[in-house]
Amino acid sequence: MVRLMDLNPEQREAVKHRDGPMLILAGAGSGKTRVIVNRIAYLIEQGVNPEHILAVSFTNRAVREMEERVADMVNNRKVAKKLTLSTFHSLGVRILRTDIDLLNYPRQFTIYDPSDQLALIKRVMREKRIDEKRFDPKYFQAEIAKAKNEGQEPKDIRDIMLREIFLAYDDALRTCGAVDFDDLIRLPCLLLKNHDSVRQRWSGRFRQIMIDEYQDTNGVQLQMVRELASIHGNLCVVGDDDQSIYGWRGSDVENIRQFDKHFPGTRVVKLTQNYRCSGNILDAANKVIEQGVGRYHKRLWTEQDNGALVGMAVLADEEGEARFVVDHLQTTHFEEKRKWSEFSIMYRTNAQSRALEELLRNERIPYKMIGGTKFFDRKEIRDLIAYLKVVNQPKDEISLRRIINYPPRGIGTATIDKLSAFAKQRRSTLYDACLHIDDCSTVGKAQRNAINDFTEMIENLKGKVEEGRSLALIAEMLISAVKFQHALFKEYSEVKEAKKRVDNVDALVNSMIQYEGKADKPSLSDYLDRVSLEPSGDNSEEEDEDAVMLITLHGAKGLEYPIVYLVGMEEGFLPYFRIYESDTDIEEERRLCYVGITRAKQKLILSRALQRRRFGRMEDREPSRFLADIPPKLLHPMGIGGKKPAVTEEERDEKFKSFFSEVFGMLEKD
DNA sequence: TTTGAATGGGTTTTT
DNA sequence: CCCATTCAAA
Ligand SMILES: Nc1ncnc2c1ncn2[C@@H]1O[C@H](COP(=O)(O)OP(=O)(O)OP(=O)(O)O)[C@@H](O)[C@H]1O
């Protein structure tokens, strides 16, 4: 049930808006997402078919958040399920799975992640005899991504070599039956633009479109949105130019600033009251963002009390910082009877989570890491996934090459080169050449046998998939067929290491079982899609698990927590500096800082270390320049700079003892 | 063809 | 410090 009285007048106006374009431009915590959620529920109440409603956001996490909030409000699972709430990329996949054949790709396409992408670019470069030493494949990868995000096609590229590689790379993708991440937006966009039937289908299907975090859209996404809204113009976007933090992947704040020019007749709604942060926190945030260069003026206000001061902790080193945060967190948890899930620790880079994780684990504090690709980056996991990808789409040459000789089965580089030549000669894919290897005289008998055994196994597994056998079962068959575990023990002389890897493989199989348990229509290709689109594996079964959140600043956008720790407030981290490169966009870093501060509802603790290990060497660290923008009267010094020294271990033990005796005392009374 | 040792290069952020 | 890649020997 929508309760319009839970909204302020501006929000109410936005929720009740029905047809035509609308822009909600508003600051952090002003209830933008709340408007979207309410508007979805309101539309349903007004009789709009939920299948006609589309809401898009950027991160998987933000989509999940929206799903939960909508589900709570609609309170009808069957109706909620009919809604389309998704990221741009999964929406792209959905469109492509239906219509990609119009572009000459198979509907069973696979999705290449950046490392597959790089591998393919390297292949293309080798084919073209372009020296990888002289020309960095990563450069081309970046340039191609940029071009795709700007909506450029190979013919638009001036640089001859880049154009040639782009062209060949795109060709190669098609041959592999694969698309890359950027294609997940670019190709649907091409389809919608060039095929009226496609546009009619999708724009007709989604008659009410909402987009959260619109300031993060890039050129191609704008085009895609335009096409999707072309039939009806019912497009509602919400965003905040002060929270634009994806410039590095082509997002363009002008999309939101010029929205009313892109969509004439736009109704503009501005929200300026912040409902999230206590006064001091909002003050600090305002001070940081106000120093922004080239910023459009906007000021948030709140009715809330000042609340606690913002903690500013200075510690000796990385470990000291982690220790401080964990101690403080633990003390607050007990003293204020806070649930673990009320805490969140945020950082600029995933690597910064290590020290924290270690300590949290030691202290047995439940935590959940959002983002980070650790699991699916492990070699053994990638290998297994590569096998499944080959079973799913044998054209996928990158995956095929990855596993054709892993575990080693006597098909070395020499053989693969011959195989590749054979494939080229008969104009077939590499896998097809494997199937007909007996017609290839250049490959020796032993190798031919090995290849035949290999294809036989893959074909067998393909059969199982077609029979509709369970995914986990297929994976298990695969693991035993290739003696995967045996290979791991052979590969890692350290038994402990090998065991760990075997455990990882088990964990992957388990994730498949879980997936099959909860998916609507489980299938291998759907599973692989999910793994590609959400490699962080944030498939938190335990949705409302009580755990501390560890998350990057980017990942935290749109989320909120009662207590937030912002660690690593140092030059080099925030703003982030890369060695040898000085292209950091300071203003974007500032906005990132603003995003971090405005995640906190009641308490915010900033921290920094004086020294940090980097490349094994200790380095001195300077405070982040953004700290200087926060008036000292808002800050409460802690750690080394605080009045009280950091809590010592004895003191902490003392606190626990008294806490427990208190608890026991309460129990005895009962 | 497989293997292990040497070497060199480098830490964003997400889909 | 930790990796990925490369290179040389078995
Ligand atoms: N009218 C209101 N009355 C009370 N609480 C509100 C109101 N509007 C929003 N809130 C609360 O304020 C908080 C922030 O809302 P929301 O997440 O929708 O903001 P947002 O504008 O999307 O923030 P961000 O820009 O950070 O993503 C939420 O806890 C929400 O419940």
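Order of the sequence lines fixes the chain letters, A, B, ..., with proteins taken first and strands second; residue numbering starts at 1 for each chain. What you see is a predicted model, and the numbers here were worked out from it, not measured in a lab.
For A/Phe181 and B/dT15, the ring-to-base geometry does not satisfy the stacking test (centroid distance below 5.5 Å, interplanar angle below 30°).
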I need a per-nucleotide contact map over nucleotides 1-10 of chain C, read 5' to 3'. Cutoff is protein heavy atoms under 4.0 Å; write B for the base, S for backbone only, - otherwise. B---------
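Residue contacts for A/Thr415: at a heavy-atom cut-off of 4.0 Å it reaches the sugar-phosphate backbone alone, with no base atom in range. Across all strands shown, A/Tyr246 has heavy atoms under 4.0 Å from sugar-phosphate atoms exclusively, and none from any base. Within 4.0 Å (heavy atoms only), A/Lys557 reaches no atom of the nucleic acid at all.
Both the sub-6.0 Å distance and the 45° axial angle are satisfied by A/Lys379 relative to the ring of A/Tyr406. At least one cation-pi condition fails for A/Arg530 and A/Tyr527: the charged atom is not both under 6.0 angstrom from the six-membered ring centre and inside a 45 degree cone around its axis. With a 6.0 Å cutoff to the six-membered ring centre and a 45° limit on the axis angle, A/Arg174 does not count as a cation-pi contact of A/Tyr169.
In the set B/dT1, B/dT12, B/dT14, B/dT1 carries the atom at the smallest distance from any side-chain atom of A/Gln447. Here the nucleotide nearest the side chain of A/Pro408, chosen from B/dT15, B/dT12, B/dT2, is B/dT2.
One finds a side-chain N or O of A/Asn350 lying less than 4.0 angstrom from the OP1 or OP2 phosphate oxygen of B/dT14. Considering only side-chain N and O atoms, A/Asn405 lies under 4.0 angstrom from the phosphate OP1 or OP2 of B/dT2.
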Please tabulate the protein-to-nucleotide N/O contacts below 3.5 Å involving nucleotides 5-9 of chain B, giving atom names and distances.
none

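Straight-line distance between the P atoms of C/dA4 and B/dT13: roughly 15 Å, to the nearest whole Å.
Atoms CG (A/Asp585) and C1' (B/dT12) sit 13 Å apart, rounded to a whole Å.
Neither side chain, A/Tyr246 nor A/Asn218, offers a donor N or O lying under 3.5 Å from an acceptor on the other.
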